[in-house]
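Sequence lines set the chain letters: A, B, ... in the order given, protein chains first and strands last, and positions in each chain run from 1.
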Amino acid sequence: MAATTGRGADEVEGTIVFTDIVGFTEFTATRGDAQALELLATQDRLVRGALPDAARIVKELGDGLLLWFGSPVAALQSAFAVDRAFEAESEAAGAPLWLRIGMHHGSVLARGDDLIGHHVNVAARIVDVAAPGEVLVSDALRRCVDPASAGVRFEELGPVVMKGIPDPVRLWRAEDVFCP
Amino acid sequence: MVTPPADARVRLRITTVSGRVTVSAESGGEVGVGASGSVSETPDGDVEIRPRKPSDSVEVTCPSGADVIIGTRSGSVELHGVLGSVGITTVSGAIKVGAVAEADLRTVSGSLQLGECLGQCRVSTKSGRITVGTTRDAEISTVSGRVSIGNVTGRVDVRAVSGRVSIGSAARGPVRVSMVSGAVTIRLPRGVRPSVQAKGLGVVQTVFEPGDDVAINVATVSGRVRLVAD
């Protein structure tokens, strides 16, 4: 549900997701620009294939993406699917690379196709903490999800102090219980 | 002083920005916090500790086996004694941990030392230096840092972009190494006969005769993996 703020922007509540390809710089240096472009195309294809109707790619950020989901559960399931598929495809191609993914839930302002606001910044900081192949989520997102019905296991990382964010953010590692 | 019920599992949640955190686990049932720390109880029963000022150091005592979760930006962290499940996240603070049941330790650029982990040890760094004595299972990720683990008795999973990783494996669990361009050295017991599966354009050097004593899976773009006798 969107509410117009009177500042020419709509306030919308949802899940903000940042992805980042770990090792992209080293891969580009080793394999060259053309293969790096192919890698970005692979990420784009896998993400688009995993997006449900109420989700979209907001923008590309170098080797990462900013995504928007109406549902936190759909966001988690898409993140798991993309993470697995990316790792499998890259390893099969002889280039072990991983995505890392950071997720947060909250209200943001939609300015044209872009999203801005504090919660976008929090999500951007969360992905910086994630290890290769990891999906990290904020406590705000975790509280929106019933782990049993969503098929998710949450493991607490604890309070994390992030640059530019005044209060520590409680983070959780999210794992797909159906993934061996 | 906070005295938990005898049968309760104590969990400490500590946050500082730049202040040092020192936790000493001792026999006994009390949580004690120095004068510079404030204590409260969270709705889920954890003991939450914060410094009174952002730069204040915090000194805590707790029962042996307590679980501890710590977040700092640049404050160093020292954990003494035997603790339960420990999670520490820092940007640039140095971390020193004695003995734990399980560990999830991550730093961006700070150094990290862990003596002993009885269960799963997950460590992650961007550019910091990580040293672990012994652990059962090890899950390691590094971008450009250096990781050294003395002895792993279970499974090993390494994800490295361009860092240097050195691991001693007892060859009782599988070893999986995925890397872009770094250097990984795996020390195995003399006489073991590993089954080595390698993918990618990198180099795998081994001094061992092939066999099926332990599975070693390596995938690398241009990195170097060496299997050497311990």
Side-chain angles (χ1 to χ4, degrees), chain A residues 20-32 35-36 39 63 83 86-100 102 125-134 136 138-139 142-143 154-173 175, chain B residues 11-18 42 44 46 48 50 54 67-75 85-91 93 102 104 106 108 122-126 139-144 157-162 176-182 199-202 217-223:
Chain A
D20 177 49
I21 301 176
V22 183
F24 183 76
T25 304
E26 289 77 5
F27 177 85
T28 305
T30 308
R31 292 285 185 92
Q35 288 199 35
L39 189 66
D63 59 343
D83 215 10
F86 187 85
E87 189 169 339
E89 284 211 16
S90 61
E91 191 161 326
L97 292 168
W98 315 271
L99 288 182
R100 56 180 185 164
R125 293 297 182 203
I126 292 172
V127 75
D128 289 342
V129 182
E134 202 169 51
L136 295 188
S138 66
D139 197 53
R142 183 196 64 94
R143 283 188 273 111
F154 292 113
E155 189 178 321
E156 186 173 6
L157 253 61
V160 176
V161 183
M162 298 170 174
K163 187 180 175 186
I165 309 296
D167 293 319
V169 178
R170 195 174 172 189
L171 293 189
W172 300 76
R173 175 187 165 101
E175 290 184 332
Chain B
R11 187 152 82 152
L12 308 177
R13 183 186 301 277
I14 305 170
T15 313
T16 74
V17 176
S18 57
T42 67
D44 44 4
D46 295 350
E48 180 147 36
R50 291 185 184 225
D67 296 339
V68 182
I69 298 179
I70 300 173
T72 81
R73 183 187 295 161
S74 59
S85 175
V86 169
I88 303 174
T89 305
T90 178
V91 177
E102 287 189 328
D104 185 324
R106 50 188 79 204
V108 176
R122 183 182 294 138
V123 293
S124 173
T125 183
K126 188 173 180 191
E139 195 176 313
I140 299 149
S141 64
T142 178
V143 175
S144 60
D157 191 341
V158 178
R159 295 176 172 195
V161 175
S162 66
R176 183 168 184 249
V177 178
S178 304
M179 62 192 300
V180 180
S181 63
K199 282 185 195 169
L201 302 175
N217 280 285
V218 176
T220 167
V221 175
S222 65

Colleague: Side chain, backbone, both or neither: which part of A:Leu171 has a heavy atom under 4.5 Å from chain B?
Modeller: neither

Colleague: Pick whichever of A:Thr30, A:Leu157, A:Val160 has the most heavy-atom pairs under 4.5 Å with chain B.
Modeller: A:Leu157

Colleague: Establish, from distance only, whether the side-chain atoms of B:Ser222 and B:Ser181 form a donor-acceptor pair under 3.5 Å.
Modeller: no

Colleague: If we define contacts as heavy-atom pairs under 4.5 Å, which of B:Ser144, B:Gly87, B:Ala219 has the most with chain A?
Modeller: B:Ala219

Colleague: Show, in sequence, the C-alpha distance, side-chain angles and deciding distance for A:Arg173 and B:Glu139, and conclude whether the salt bridge (charged side-chain N to carboxylate O under 4.0 Å, His left out) test is met.
Modeller: CA-CA 14 Å; A:Arg173 175 187 165 101; B:Glu139 195 176 313; 3.5 Å; yes

Colleague: Give, for atom CG of A:Asp139 and atom CZ of A:Phe154, the distance between the pair rounded to the nearest 0.5 Å.
Modeller: 9.5 Å

Colleague: Under 4.5 Å heavy-atom distance to chain A, tell me which part of B:Arg106 shows up: side chain, backbone, both or neither.
Modeller: side chain

Colleague: So which atom in A:Val22 and which in B:Val161 form the shortest heavy-atom distance, rounded to 0.1 Å?
Modeller: CG1-CG2, 3.5 Å

Colleague: Please identify, among B:Val17, B:Ile14, B:Val180, B:Thr142, the residue contributing the most non-hydrogen atom pairs under 4.5 Å to chain A.
Modeller: B:Val180

Colleague: Please round to the nearest 0.5 Å and tell me the distance separating atom CD of A:Glu134 and atom CG of A:Leu99.
Modeller: 13.0 Å

Colleague: Could I get the full list of side-chain hydrogen bond (donor to acceptor under 3.5 Å, both in side chains) partners for B:Thr220, not counting sequence neighbours?
Modeller: none

Colleague: Does any backbone or side-chain atom of B:Ser124 lie under 4.5 Å from a heavy atom of chain A? Answer side chain, backbone, both or neither.
Modeller: side chain

Colleague: Under 4.5 Å heavy-atom distance to chain A, tell me which part of B:Thr90 shows up: side chain, backbone, both or neither.
Modeller: neither

Colleague: Checking heavy atoms, do the side chain of B:Arg159, its backbone, both or neither come under 4.5 Å from chain A?
Modeller: both

